[in-house]
Amino acid sequence: MMWEENYNIDHYTSGKEPNLFLKQQIGCLPQQARVLCLTTANGYDAVHLALAGFHVTAVDISWMTLDATRQLAEQNELNIELIRADLLHYPLGYEEWDAVVSLFYQPPRGAQATMCQRMMNALKPGGVLILEGYTERHLRKLKKDIGPALASERLKRALPDAQFLQLEELERPQSEQTSQMGTLSVVQAVAVKPK
């Protein structure tokens with residue numbers, strides 16, 4: 001499995017820092033929020049949220065990344081609920097979460113719009129979706145098949161009722177990374193579910 005090859009407990013290709021965009025946007029979340037993290041990557045995003053006082057549930061298909069997240073949570077004496085599941089089939093719930101965080105989860109072709117709608121449905125009214133993903137430009141540089149690119153126009157079409165506090169495509173430093181390229185070409189979104 002590709003994710004098992006890309007991540008292991010001794011070496012994180014995605015670095016040992018929380019996602020930069022998440023750190024910038026964490027103030028959008030209400031205190032004591034119940035947060036659903038889609039994918040755990042290096043574990044630092046879920047731990048960053050838990051350290052900020054949020055109640056975190058993290059879902060990932062890879063047992064290795066979940067184990068790395070568990071170890072990091074234990075080191076910080078944090079309680080994070082970890083669930084191993086394929087996000088395409090995992091029930092996100094309905095109006096259950098104060099926030100959904102999706103960082104570099106690239107749904108398969110044909111599933112993007114449905115997945116975005118499921119994320120929004122999972123939010124309580126007034127809940128916040130924080131999303132960052134690779135654009136087509138970055139995937140061409142990456143030369144890895146990790147799913148189709150995300151784009152701001154597609155997100156607007158998939159979430160017509162959402163209030164976007166931020167939605168843009170940009171180049172940003174890969175400051176939380178330990179290797180690979182120095183910049184990321186990304187789409188970033190902060191969307192609020194109408195009350």
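Note that the numbering runs from 1 along the sequence shown for the chain.
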- Sequence neighbours left out, what pairs pass salt bridge (Lys or Arg N to Asp or Glu O under 4.0 Å) with at least one residue falling in residues 46-57? none

- Applied to residues 158-170, the side-chain hydrogen bond (donor to acceptor under 3.5 Å, both in side chains) test, sequence neighbours excluded, yields Q25-Q166, S152-E169, Q166-E168, Q166-Q188

- Query: Can you name the residues that form a side chain to side chain contact (heavy atoms under 4.5 Å, CB included) with A162, not counting sequence neighbours?
  - Reply: M120, L159, F164, A191

- Working for side-chain contact (heavy atoms from CB on, under 4.5 Å), residues L150 and L131: CA-CA 10 Å; L150 294 172; L131 180 147; 4.0 Å; yes

- Task: Output every pair passing salt bridge (Lys or Arg N to Asp or Glu O under 4.0 Å) with a member in residues 116-125, not counting sequence neighbours, ordered by first then second residue.
- Result: D98-K124

- Using the test side-chain hydrogen bond (donor to acceptor under 3.5 Å, both in side chains), find all partners of E153 that sit at least two apart in sequence or belong to another chain. K156

- What heavy-atom pair brings L38 and S102 nearest, and what distance separates the two atoms? CD1-CB, 4.1 Å

- Task: Could you list the residues that satisfy side-chain hydrogen bond (donor to acceptor under 3.5 Å, both in side chains) with S185, not counting sequence neighbours?
- Result: E171

- Task: Go through the structure and list residues passing side chain to side chain contact (heavy atoms under 4.5 Å, CB included) with N121, not counting sequence neighbours.
- Result: Y94

- Query: D86: what forms a side chain to side chain contact (heavy atoms under 4.5 Å, CB included) with it, not counting sequence neighbours?
  - Reply: I61, L88, H89

- With sequence neighbours excluded, give me every salt bridge (Lys or Arg N to Asp or Glu O under 4.0 Å) pair touching residues 33-59. R34-E96

- side chain to side chain contact (heavy atoms under 4.5 Å, CB included) involving E74 - partner list, sequence neighbours excluded: R70

- Nearest heavy atoms of C116 and A158, plus distance in Å: CB-CB, 4.0 Å

- Which residue pairs pass the salt bridge (Lys or Arg N to Asp or Glu O under 4.0 Å) test when at least one of the two sits in residues 182-195, sequence neighbours left out? E95-K193

- Item | side-chain contact (heavy atoms from CB on, under 4.5 Å) between F104 and T39, intermediate numbers included | CA-CA 8 Å; F104 299 106; T39 74; over 6 Å; no

What pairs of donor and acceptor atoms, side-chain ones from residues 46-59 against any protein atom, are under 3.5 angstrom apart with sequence neighbours left out?
residue, atom, partner, partner atom, Å
H55, NE2, Q32, OE1, 3.2
T57, OG1, E81, OE1, 3.1

- Message: Minimum heavy-atom separation for A189 and L155, please, with both atom names.
- Response: CB-CD1, 4.1 Å

- Item | Minimum heavy-atom distance A73-I80, with the two atoms named | CB-CD1, 4.0 Å

